[in-house]
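Structure first, commentary second.
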Amino acid sequence: MADSMMSKAATMEIPISSNGDSRNLAEDDSLEQDAKIQWSLREKVGSPPGLRDLQQVMVSGPNLNETSIVSGGYGGTTEGIIPTSSIKDLRMKSRGVSIASSQIAACRLAHQSEDIPCIPGSNMHHGGSNSSMTAEEATRGVAVEKFDIVKKWGLNTYKCTKQMISERFGRGSRTVDLELEAQIEVLRETKRKYENVLHLARALTNHFYSMVQTQHALGDTFADLSQKSPELRDEFGYNAETQKLLCKNGETLLGAINFFVSSINTLVNKTMEDTLMTIKMYENARLEFDAYRADLEELNMGPRDAVTMARIEAAQQQYQIHKDKYERLRSDVSIKLKFLEENKVKVMHKQLLLFHNAISAYFAGNQQQLEQTLKQFNIKLKPPGADKPSWLEEQ
């Protein structure tokens, strides 16, 4: 009887320690909630069955932190008491491992649909975001640069249009170089006249080429008739020889005229046109210079506060830039006009002499002088049929 009572007392003696401490209860509840969250995450990801059962036992089992188990009997010593702090440390360690594994599981769930490798502590996501931010910044920088270019172009166009309208209506002033303007006007008039000479020379070439072809056909016809008409053989033969000689001299004259036309075309459509392009750039620079000069004068006539002074300083810089550009192009135009005049005199002296000698020799019937004229100007005639493509090119 006494033994049964002692064993019953030893079985029932589980003294409660730290049961009334509310802070420990809150801590234990949080530990249980963490364990439940971990178990649910492992259920979604698919953790091993043994680890899942262990977590289930830890969630549903008794809270060992609230008790101290006595291994001895009633009135026994404290040598067999298992301190709850050691159990708490074990649970905290297992909790740390579980939290780390749960982070891996959560990361896998988040990136499962994107097939992105998830490594805790890696900087791959940050590297991708940094590269995307760098690309966005580069695109934004290009867009801002283009916007600034369009803005400057629009402002410059507005100022130049305003200056042009003011000049046409007589309200604005313009910078004029009388000597240079006179030379430019002379060049434009000369170009118009030389274009007319070029047009007439090309017309002469076309008509004379038709006449040479007609003479060639007429000579062939006379030669054929001299063979078929015995009674007029000599007469047809003389005319056939004359037409063939005229055709040969005509081809020589055509070579001289073509050289004349080619030289005039180079002078008019290349040399003069290049100078006129520089003149056009000069006139645009003059218009921009006057536009920014008028803008600066308008600002100088206004009030002199801080904002206006800053605008005046910026306008002064733009004015100086366009002034330098205007003066540089004015100098270029003066130099090109001088060289163009010298080149024009030299080229036209040679070409006019060639044209006169070739025409005089042809209509005088002096074949030797005509050929000597072509040799003098280094003109080489193309053989008949040289302009036609070969049979290989036609295929």
Side-chain angles (χ1 to χ4, degrees), residues 186-224 236-277 336-394:
V186 169
L187 173 61
R188 286 173 174 160
E189 183 66 23
T190 303
K191 186 174 183 293
R192 285 193 291 267
K193 293 179 179 179
Y194 276 44
E195 285 176 345
N196 188 33
V197 171
L198 181 61
H199 174 72
L200 295 175
R202 284 174 173 169
L204 175 63
T205 303
N206 294 330
H207 295 318
F208 195 77
Y209 177 78
S210 299
M211 187 185 74
V212 170
Q213 294 298 317
T214 303
Q215 288 176 342
H216 187 275
L218 188 60
D220 292 340
T221 303
F222 284 157
D224 183 64
F236 279 125
Y238 296 151
N239 282 279
E241 291 295 331
T242 303
Q243 295 299 321
K244 287 181 180 179
L245 181 61
L246 289 174
C247 182
K248 182 179 179 180
N249 293 339
E251 290 176 352
T252 305
L253 180 61
L254 275 176
I257 296 176
N258 285 330
F259 186 77
F260 175 80
V261 170
S262 176
S263 300
I264 299 298
N265 180 64
T266 302
L267 178 65
V268 173
N269 293 323
K270 292 185 178 180
T271 308
M272 290 185 178
E273 189 65 27
D274 178 71
T275 305
L276 288 175
M277 287 295 295
K336 284 197 172 186
L337 285 174
K338 180 180 178 181
F339 281 109
L340 176 62
E341 184 65 23
E342 294 177 358
N343 187 33
K344 183 193 71 173
V345 172
K346 186 184 298 184
V347 169
M348 292 307 298
H349 174 76
K350 178 180 178 180
Q351 297 302 319
L352 291 174
L353 183 62
L354 165 67
F355 190 80
H356 173 267
N357 292 342
I359 293 292
S360 300
Y362 174 79
F363 285 100
N366 193 341
Q367 182 181 359
Q368 294 180 352
Q369 185 180 357
L370 182 60
E371 293 177 353
Q372 186 65 30
T373 301
L374 267 65
K375 291 180 181 179
Q376 179 183 355
F377 292 97
N378 297 322
I379 301 174
K380 296 182 179 180
L381 297 178
K382 295 180 180 180
D387 295 334
K388 297 180 181 180
S390 63
W391 64 271
L392 186 60
E393 294 175 347
E394 292 178 352

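No hydrogens, no waters, no symmetry mates; every other heavy atom, side chains included, goes into these values. Note that the numbering runs from 1 along the sequence shown for the chain.
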Inset, instruction - May I ask you to check whether over 12 heavy atoms, not counting those of K248, lie within 6.0 Å of atom NZ? - result: no
Legend entry - Between CG on residue L218 and OG1 on residue T242, distance to nearest 0.5 Å: 10.5 Å
Legend entry - Distance in Å, L267 CG paired with E195 CD, rounded so as to fall on 0.5 Å steps: 11.0 Å
Inset, instruction - Using the test side chain to side chain contact (heavy atoms under 4.5 Å, CB included), find all partners of L276 that sit at least two apart in sequence or belong to another chain. - result: L187, R188, K191, E273, I279
Legend entry - Where C247 and H216 come nearest, the two heavy atoms and their spacing: SG-CB, 3.6 Å
Legend entry - Electrostatic pair E341-K344, nearest N-O below 4.0 angstrom: yes
Inset, instruction - Can you measure from OG1 (T252) to CG (L370) and round to the nearest 0.5 angstrom? - result: 5.0 Å
Inset, instruction - Only counting residues at least two apart or in another chain, list the ones meeting side-chain hydrogen bond (donor to acceptor under 3.5 Å, both in side chains) with E371. - result: Q367
Inset, instruction - Output the distance between atom NE2 (H356) and atom CG (L353), rounded to the nearest 0.5 Å. - result: 8.5 Å
Inset, instruction - Kindly write out the residues that satisfy side-chain hydrogen bond (donor to acceptor under 3.5 Å, both in side chains) with E342, not counting sequence neighbours, or none if the list is empty. - result: none
Legend entry - Sub-4.5 Å side-chain heavy-atom contact between D224 and D220: no
Inset, instruction - Determine whether more than 12 heavy atoms belonging to other residues, nucleotides or ligands lie under 6.0 Å from atom CE of M277. - result: no
Inset, instruction - Would you please name every residue forming a side chain to side chain contact (heavy atoms under 4.5 Å, CB included) with D274, sequence neighbours left out? - result: K336
Legend entry - Separation between CG of L352 and NE2 of H349, rounded to the nearest 0.5 Å: 9.0 Å
Residues 253-266, side-chain donor-acceptor partners within the protein, below 3.5 Å, at least two apart:
residue	atom	partner	partner atom	Å
N258	ND2	L254	O	3.1
S263	OG	F259	O	3.0
S263	OG	Q351	NE2	3.1
N265	OD1	R202	NH2	3.1
N265	OD1	N269	ND2	2.5
T266	OG1	S262	O	3.0

Inset, instruction - For E189, look at atom CD and say whether over 12 heavy atoms of other residues, nucleotides or ligands are found less than 6.0 Å away. - result: yes
Inset, instruction - Kindly compute the distance separating CD1 (I359) from CG (L204), expressed to the nearest 0.5 Å. - result: 6.0 Å
Legend entry - ring-ring contact (aromatic ring centres under 6.0 Å, His included) against F208, all qualifying residues, sequence neighbours excluded: Y362
